[in-house]
Amino acid sequence: MTPARAPAYTARMDRNKTVVAFVWVVCLVMMLGMTGTASIIGTVVFWAMALAHLAEFLAKRAVMAKAGGSMGHHFVQTMLFGLFHWKPLEDAQKQAGGGA
């Protein structure tokens, strides 16, 4: 069970997830709906984010396994939101473990 989060922390993480989701949408619009430099920039940022989030999932999968739940869920959430998914899990585990 995860310890309760302070409302400010939860609101900040929700806002950060919204920003990341917005960046994904902007990249898709740039990739699919624009031409030239805008399309190239959207494509590069899209794939850079996808690779970074995949690397995060691989690096932090032990944190997610310890948190419990479906690894498929953790994979999708990490691919979408990156550290804004796994960092609260890691923080909760550190807090539960006495700050180790």
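Values in this document were obtained by computation on a predicted structure and should not be read as measured data.
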Query raised in the report: What's the spacing between M79 CE and H74 NE2 if we round to 0.5 Å?
Result: 15.5 Å
Report task. Would you kindly check if the NZ (Lys) or CZ (Arg) of K17 is within the cone defined by 45 degrees around the ring axis of F81 and under 6.0 Å from the six-membered ring centre? Result -> yes
Query raised in the report: Is there a chain of hydrophobic side chains (I, L, V, M, F, W, Y, each step under 4.5 Å between heavy atoms) that links V44 to I41?
Result: no
Run the side-chain donor-acceptor check on residues 19-40: report pairs under 3.5 Å with partners two or more places apart or on a different chain.
{"from": "W24", "atom 1": "NE1", "to": "L80", "atom 2": "O", "distance (Å)": "2.7"}
{"from": "S39", "atom 1": "OG", "to": "M31", "atom 2": "O", "distance (Å)": "3.4"}

Query raised in the report: Do F57 and L51 share a hydrophobic cluster, counting only Ile, Leu, Val, Met, Phe, Trp and Tyr and linking them when any side-chain heavy atoms are less than 4.5 Å apart?
Result: no
Query - Non-hydrogen atoms of L83 and P88 that approach each other most closely - result: O-CD, 3.8 Å
Query raised in the report: E56 side chain to T78 main-chain N or O, any donor-acceptor pair under 3.5 Å?
Result: no
Query raised in the report: For the residue pair L54 and F75, what are the closest heavy atoms and their distance?
Result: CD1-CE1, 3.9 Å
Query raised in the report: Do K60 and H85 come close enough that some side-chain heavy atom pair is under 4.5 Å?
Result: no
